[in-house]
Q: 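So that we are looking at the same thing, I have put the structure below in structure tokens.
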Amino acid sequence: MSIMEYNGGSVVAMVGKDCVAIASDLRLGNQALGISSNFQKIFPVTDRIYVGLPGLATDLSTLRERFRFRVNMYTIKEEREIEPETFARLVSSTLYEHRFGPYFIEPVIAGLSKTPSGGVEPFIAATDLIGCLNFAKDFVVAGTASAKIFGVAEGLWEPNLEPEDLFETISQTLMNAVDRDAFSGWGCMVHVITKDRVITRTLKARMD
Amino acid sequence: MDHFPTNWGRPRNDYQDAYGTYPIHQRPRNPSTDAFSDAVKRTQQPIVTGTSVLGIKYKDGIMLAADNLASYGSLARFKDIQRLHAAGESTVIAASGDMSDFQYIQQLLEELMIEEFTEQDGHALGPAEIHEYLSQVLYARRSKINPLWNSLIVGGFKDGKKFLSYVDLLGTTYSASTIATGYGAYIAQPLLRKAVEGYEDVLTEEQALKIMEDNLRVLFYRDARSLNKFQIATITADGVRISEARQLDTSWSFAEGIRGYGAQTQ
Amino acid sequence: MLDMHSVPQQQPQGRQFNPYTENGGTILAIAGADFSVIAGDTRQSEGYSIQTRYAPKVFRLTDKAVLAVNGFAADGNMFVKKVRQRLEWYRHAHAKDMPIRAIARLIQTMLYARRFFPYYVYNILGGIEEDGTGAVYSFDPVGSYERETCRAAGAAQSLVQPFLDNQIYFKNQTPAAGTSFPSHLPLSTVLSLVIDSFTSATERHIEVGDGLEMYVVLARESTALQGVEGIGGVQEITMTEEGHRVFVIRRELKKD
């Protein structure tokens with residue numbers, strides 16, 4: 001069995017109109033055995049950047065701390081907050097440092113970057129476990145339900161969704177996908193990042 | 001499709017012998033689970049093989065092409081083998097894969113055609129019937145785990161209709177306006193599609209012949225199990241025509257400039 | 001030195017003739033109140049090679065039953081051939097078409113008969129039940145089957161099925177207060193969902209594309225056809241006067 005499916009879990013991020021959303025399931029498993037239904041996989045990096053870390057749970061803890069350390073070092077050195085794209089590059093190079101003995105995590109990044117005119121621009125990206133970046137204009141997925149999320153997202157997503165519509169789209173996408181995945185589910189959590197606030201909701205989902 | 005006939009129908013196994021490099025006589029035997037299995041011999045691997053065959057539709061009908069080589073592993077063993085077989089008045093079979101299995105198929109078809117002829121019922125087997133027959137034979141043999149190790153193209157022209165279909169050792173069938181087997185599926189098929197698709201009713205025989213020769217030439221340059229001697233079959237309203245063996249004109253002047261390829265000057 | 005006697009005889013290596021292959025593609029069927037839609041793409045592939053852009057996977061069996069087969073194409077074609085032969089025998093014996101419920105059981109029996117050398121094929125049977133309702137039966141390769149409202153199978157099953165759960169069964173949706181979700185959707189909605197499913201699958205799965213064939217089986221008295229005038233290329237292929245009506249709709253899908 002693949003190590004990528006050892007603990008299970010899935011993450012998806014989507015672009016909306018001046019907003020982005022990132023969502024994950026809440027399951028932690030030991031292969032087919034469910035261990036926890038409140039296992040957080042998405043973490044704030046800055047006020048405007050969130051990262052989702054599906055994959056091997058032990059590497060999740062390690063990577064989360066590693067990213068926290070590196071982002072703090074960046075903030076101190078640069079005396080400014082890291083931009084989403086810069087963070088994506090940081091994630092990529094961190095993973096590629098371990099090219100031949102990788103962390104078994106496929107990070108998903110969602111954030112709002114600042115434009116020169118003072119506005120915000122949605123940013124999403126995902127990488128594979130050795131840091132190959134994928135900057136998508138619509139949505140990115142990762143985890144054990146990735147194929148299923150792709151299928152539903154391709155059917156439901158449309159450009160320029162307002163925050164509430166984006167929330168509904170990403171929620172429906174994730175929930176219906178994880179309901180068909182044995183290794184994901186047991187609750188979902190969604191973050192919608194807008195210019196002036198982050199809306200975080202825990203979804204009432206199937207728990208079987 | 002795998003371009004090494006020796007690997008056809010086998011599970012893909014890149015761990016051992018990724019490039020099919022075993023000389024045939026050293027190739028590991030399959031285990032016999034049956035105490036009496038020595039009495040039964042099955043084609044578990046092809047021995048004397050033909051490489052790619054090509055088939056296209058053109059204005060007047062169907063054109064098939066095959067070179068004249070039958071290889072024994074990497075040895076170019078027989079250089080005057082005909083791999084195009086006329087079956088009746090309106091059909092030609094082009095065969096790649098095991099040549100002994102192909103000759104057995106020719107025998108089957110001869111018997112079938114005689115049987116049908118003696119009926120004298122005013123019906124002749126056309127390309128569709130022959131293709132159906134072959135697909136049933138090949139599928140039945142694969143179902144006995146005793147395959148006829150071939151990829152065949154059936155081309156024909158009957159009642160004003162072009163017919164071009166494929167059948168292989170698994171019984172897999174399909175039709176298309178261009179078909180290529182073996183290495184040709186990778187090298188020739190894209191070129192054939194570009195040259196033929198959309199022009200099936202426009203291409204003249206000369207143009208079709210040029211397309212075939214160009215593709216056989218590319219295959220000869222890149223497929224080590226191919227030969228620059230080939231035959232062309234056309235099936236049109238006028239019936240079946242299989243050409244004499246012809247030579248491909250090839251150019252190797254480019255090799256001069258490549259170290260280790262052309263003659264060495266230093 | 002290498003002791004020749006301790007070296008086991010050259011081990012048989014795992015290179016045996018494999019009688020199966022996978023030919024890609026996806027199929028899908030959705031049942032309505034008095035109709036059924038059975039669809040499949042028309043690409044046939046092996047590995048990374050497209051063998052042909054038009055190889056049908058959906059077949060009309062009778063005027064009330066359509067069968068979609070997906071998996072190993074040679075097995076699929078042979079299986080359809082054998083099912084049709086059994087249906088013809090039935091017609092000769094009973095002077096009528098076999099009911100879809102009976103076809104479903106027949107298919108189970110035929111698949112299970114090959115339990116130890118299976119047809120490597122996923123079957124979806126769609127049509128009209130004897131009571132006039134739309135029916136979909138889905139099978140695994142060895143004959144397990146059930147009647148459902150919708151089912152996707154094949155290469156892009158994992159992409160399409162959760163989308164259908166959401167859009168057909170309204171999974172994870174709550175109806176507005178005082179309302180409820182319909183148990184069957186109108187034909188126009190079903191056709192749109194089928195088209196969307198296949199365009200989505202084509203976008204994200206390399207083995208899906210080229211063409212789409214949608215068969216519609218309509219109960220004779222059905223009025224479901226009203227409201228789908230907008231969809232072009234509808235072709236009626238009904239065989240008999242008294243049976244139900246069968247239509248086929250062909251569409252292009254992306255070819256890359």
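Numbered from 1 within each chain, the chains take letters A, B, ... in sequence-line order. What you see is a predicted model, and the numbers here were worked out from it, not measured in a lab.
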Q: Is Arg251(C) atom CZ crowded by more than 12 heavy atoms from other residues, nucleotides or ligands, each under 6.0 Å away?
A: no
Q: Check whether the side chains of Asp165(C) and Asn176(A) place a donor and an acceptor atom closer than 3.5 Å, and report yes or no.
A: no
Q: Is the CZ atom of Arg105(C) crowded by more than 12 outside heavy atoms at less than 6.0 Å?
A: no
Q: Mark yes when over 12 heavy atoms from residues, nucleotides or ligands other than Glu83(A) sit less than 6.0 Å from its CD; otherwise mark no.
A: yes
Q: Can you pull out the residues in residues 179-187 of chain A with any heavy atom less than 4.5 Å from chain C?
A: Asp179(A), Arg180(A)
Q: By a 4.5 Å heavy-atom criterion (distance strictly below it), what part of Asn166(C) contacts chain A: side chain, backbone, both, or neither?
A: both
Q: Tell me, yes or no, whether the heavy-atom count around Lys17(A) atom NZ, taken from other residues, nucleotides or ligands under 6.0 Å, exceeds 12.
A: no
Q: Just checking heavy atoms, which of residues 126-154 of chain A are less than 4.5 Å from chain C?
A: Asp138(A), Phe139(A), Ala147(A), Lys148(A), Phe150(A), Gly151(A), Val152(A), Glu154(A)
Q: Pairs under 3.5 angstrom only: tabulate donor-acceptor contacts from the side chains of residues 102-111 of chain A to other protein residues two or more places apart or in another chain.
A:
| from | atom 1 | to | atom 2 | distance (Å) |
| --- | --- | --- | --- | --- |
| Tyr103(A) | OH | Arg66(A) | NH1 | 3.2 |

Q: If you count heavy atoms of other groups shown closer than 6.0 angstrom to CZ of Phe167(A), is the number above 12?
A: yes
Q: Could you have a look at Ala156(C), Ser200(C), Ala201(C) and say which one has the most heavy-atom pairs with chain A under 4.5 angstrom?
A: Ser200(C)
Q: Between Gln157(C) and chain A, with a heavy-atom cut-off of 4.5 Å, which part of the residue counts as in contact: side chain, backbone, both or neither?
A: neither
Q: For Arg101(C), does the CZ atom sit with more than 12 other heavy atoms under 6.0 Å from it, leaving out its own atoms?
A: no
Q: Over all heavy atoms of both residues, which pair between Lys171(C) and Gln172(A) is shortest? Give the atoms and the distance, please.
A: O-OE1, 3.8 Å
Q: Is the number of heavy atoms from other residues, nucleotides or ligands within 6.0 Å of CZ (Phe69(A)) greater than 12?
A: no
Q: Enumerate by number any residue of residues 26-57 of chain A whose heavy atoms lie under 4.5 Å from heavy atoms of chain C; in the absence of such residues, state 'none'.
A: none
